[in-house]
Amino acid sequence: MNPEQLQLRAIGGHRSGSERDFSIECVAVLERLAYSSSKTIGNSMIENGKCESNEHMTVLGIEGGGTRTSVLVVDETDAVLASQAGGPANFRLMTTRNVEDWLIGIREKLDVVPDRIGIGMAGVRSVRDHWVLREIVRRVWPNALCATSDDMLVALESAEWLEQCPAQVLTVSGTGSCSVGRHRHGDGVKVGGRGHILGDRASSCDIAQQALRAVVRDYDSRGDWPQLGSDILSFLQLNEPDELIDWSIEATKAELAGVAQVVFRAAESRQDPIANEVLDGAARLLCADTLKCAERIAEPDERVQILFNGAVFLKNPAFMQEVANRLLEARPGSIVTPLSRPGVHGAIALARAIPAGAESRPLPMSPEKQPRKPAAPSVDTVQAAIGWKPVSASPTEQRHPRSMNFSELPISDAIALMLDEDAKIPAKILEQSAFIEWTIRRVVRAFAEGGRLIYTGAGTSGRLGVLDASECPPTFRTPGDLVQGIIAGGRSALWSAVEGAEDDAAAGRRAVLFRSVTELDVVIGISASGHAPFTWGSLAEAKEHGAGTVLICCNPGYRDHPLPDCTIIPDTGPEILTGSTRLKSGTATKLILNMITTLAMTHSGKVLSNLMIDLNPSNAKLRDRAIRIVSEITGVEPLTAQRTLEDNGWVVRAACDQLRD
């Protein structure tokens, strides 16, 4: 019997002394097409399509994982109409065009048109990910209802949930590794994952890396190349240990993962000591992650159904049994089994769970508990903020009567028009001086009490916040985390647009949550129109943690909004280029941010007269400026100023203090 066909069934019970009273049985895994209904959960999203009837239904399930893609098509009776298998599909490692081509390739091999589609895809995490994936699905299958999730959750959904177990945990170890759990009352949790650099503990990649390091350590300590090292060289068709250096630099993740099979073979065939030590560590890690997942999802006296999946388990029954033994010893009464059928069946179940005519909406439970759970009213607060004044009501979205013929204007006239409009900005900002002053004083207080200033925004607004934050360390020698910028979509959004990022309020919440915001901090949300859900999510989360909150926008409709502590709203009016808020709105925002940080730093002791007493002279131009500052403050010659700066590590304040003593 092929190892992939083996199922380990460990049924926990009572233990007597050192013996475990449970049975372990290897049986053939049979494909069961009948779907046993259970509550669809997780970071899943369903959307409205045009399919309304359940009488004649064609359901397409797709499981895209880090190693392979599985496709299954069934009808309303669960009869199989088609199936496919393909290569890996990870949303995080693919462009939108890659994903669309992947789905088109699946479509072209099908002889049927699906009415409902369930997709579980590795790397699908945020609301934006779901939104992008569903938009792509809509282009490929425009008339189908669609539900999306990640590959872990569809795998969990494929399992029959045992009645005696209020909680389930699925631990997967293949090329990557992860544990995900759920409870019948709706909570969910995820442990591990995050790729082979940050996580994927005890995955085939991790096992391979640990083995390679152990082999090299043994070689360095004893001077003899170990047998496991010889096995690995043979497997990789390498001749000498030093050739592993270049291989390790160039090897793909899949190539690295392949080395794990050498480790398992060495442990099984000759009880190789290095292989045994590596696998013992892997079993310990998988057990620890599974138990941690169980502890976070279930009470100590609740039974947990523990499921295994992935090649590390399914191709190595003895290793799987060892992990099961450890789990049952640590948590007696658990029921431990391998996943009985492929996760693609969970994708089918996900599609079947879509109500006819369903609206686009996320299902209620997220697969990852956050470090601190947001208070329930916050969702309503964010939704109220988003809908309080629609984006169409913002002056920034209106057409400017002076630029109706902008495309036909001579360039010289267009320059004059743009500058004339920009000249109106300072007066509009001056009208907000009381609110700007309040904000500056609040930031000064935050700095004095050990707090931080954090900007958050999307698109141009987010970039301006990041820009202002990045200028503070060189200008004022501040720590890099004193003034921070958060931009919707993350780092890549700094230089390119990230589709849908500003519409993700939940991502804004998470961004603030994971910056560990407290009541000591000030969070300033920036949104030209005042509409961006990402920004409102950030402000709502900051408010819940007691931080000071400020909104900067150019839409007077948000002036009296109850969520921020303060609003700074210069009414810059319509843009010369309709809706292009990088123009007047962006200029006004930049001027306001300049004032906030410059004056907050000035009133925090970072400026003497009009000189940057804490300048960080990190290049030749700034070193020359530092010399001039020291000369101005102390009255010494430039050469003396330079020597004193050099003696003090180019710290301007220290050099001035030394010369004035």
Side-chain angles (χ1 to χ4, degrees), residues 198 371-372 436 439-457 461-488 490-491 493-494 508 510-526 538-539 541-542 545-550 552 565 589-590 592-623 625-627 629-630 633 644-658:
L198 294 178
R372 289 171 290 186
I436 297 171
T439 301
I440 292 166
R441 293 187 184 279
R442 181 65 182 84
V443 173
V444 170
R445 191 180 92 197
F447 290 165
E449 295 175 351
R452 303 163 297 171
L453 168 61
I454 300 175
Y455 296 123
T456 178
S461 296
R463 293 183 191 102
L464 289 171
V466 172
L467 173 63
D468 194 63
S470 68
E471 294 286 357
C472 289
T475 306
F476 303 108
R477 198 184 281 271
T478 57
D481 62 349
L482 184 67
V483 182
Q484 302 180 27
I486 295 172
I487 182 169
R491 290 181 64 223
L494 290 171
R510 291 193 301 273
V512 167
L513 182 67
F514 288 116
R515 298 292 176 104
S516 301
V517 167
T518 73
E519 68 279 1
L520 298 178
D521 301 319
V522 175
V523 175
I524 298 181
I526 310 169
S538 297
L539 289 173
E541 186 70 23
H545 293 287
T549 52
V550 178
I552 299 175
D565 298 324
T589 298
K590 184 66 173 77
I592 292 168
L593 300 189
N594 286 350
M595 293 176 193
I596 291 171
T597 47
T598 301
L599 293 175
M601 294 297 176
T602 298
H603 288 267
S604 297
K606 294 287 187 178
V607 175
L608 180 63
S609 181
N610 62 349
L611 299 173
M612 294 180 283
I613 189 68
D614 282 326
L615 171 75
N616 182 17
S618 56
N619 57 42
K621 179 190 75 173
L622 295 181
R623 285 192 288 274
R625 182 182 298 167
I627 292 169
I629 290 173
V630 172
I633 292 173
T644 309
L645 280 165
E646 289 171 348
D647 291 342
N648 287 275
W650 286 92
V651 177
V652 174
R653 185 186 294 271
C656 290
D657 289 344
Q658 179 178 323

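On a predicted model such as this, the values are computed, not experimentally measured, just so you know.
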For Val466, side-chain contact (heavy atoms from CB on, under 4.5 Å) partners two or more places apart: Ile487, Leu494
Verdict with reasoning, Val483 to Phe447, per side chain to side chain contact (heavy atoms under 4.5 Å, CB included): CA-CA 10 Å; Val483 182; Phe447 290 165; 3.9 Å; yes
Flag side-chain contact, heavy atom, 4.5 Å: Leu593 against Ile552: yes
Result block: side-chain N/O donor-acceptor pairs under 3.5 angstrom for residues 608-615, not counting sequence neighbours:
residue, atom, partner, partner atom, Å
Asp614, OD1, Arg653, NE, 3.0
Asp614, OD2, Lys606, NZ, 3.4
Asp614, OD2, Arg653, NH2, 2.8

CG on Asn594 to CD on Glu471, rounded to 0.5 Å: 9.0 Å
From CA spacing to verdict: side chain to side chain contact (heavy atoms under 4.5 Å, CB included), Met601, Leu482: CA-CA 11 Å; Met601 294 297 176; Leu482 184 67; 4.0 Å; yes
Pairwise distance CD1(Ile436) to CZ(Arg441) - rounded to 0.5 angstrom: 13.5 Å
side-chain contact (heavy atoms from CB on, under 4.5 Å) partners of Asn616, counting only residues at least two apart: Arg477
Heavy-atom donor-acceptor pair, Thr549 side chain to Asp565 backbone, under 3.5 Å: yes
All side-chain contact (heavy atoms from CB on, under 4.5 Å) counterparts of Ala448, not counting sequence neighbours: none
All side-chain contact (heavy atoms from CB on, under 4.5 Å) counterparts of Glu519, not counting sequence neighbours: none
Val550 vs Tyr455, side chain to side chain contact (heavy atoms under 4.5 Å, CB included): CA-CA, chis, key distance, verdict: CA-CA 9 Å; Val550 178; Tyr455 296 123; over 6 Å; no
Inter-residue atom distance Leu645.CG - Gln658.CD, 0.5 Å rounding: 9.5 Å
Partner set under salt bridge (Lys or Arg N to Asp or Glu O under 4.0 Å) for Arg625, not counting sequence neighbours: none
Distance, nearest 0.5 Å, that separates OG of Ser538 from CZ of Arg510: 10.5 Å
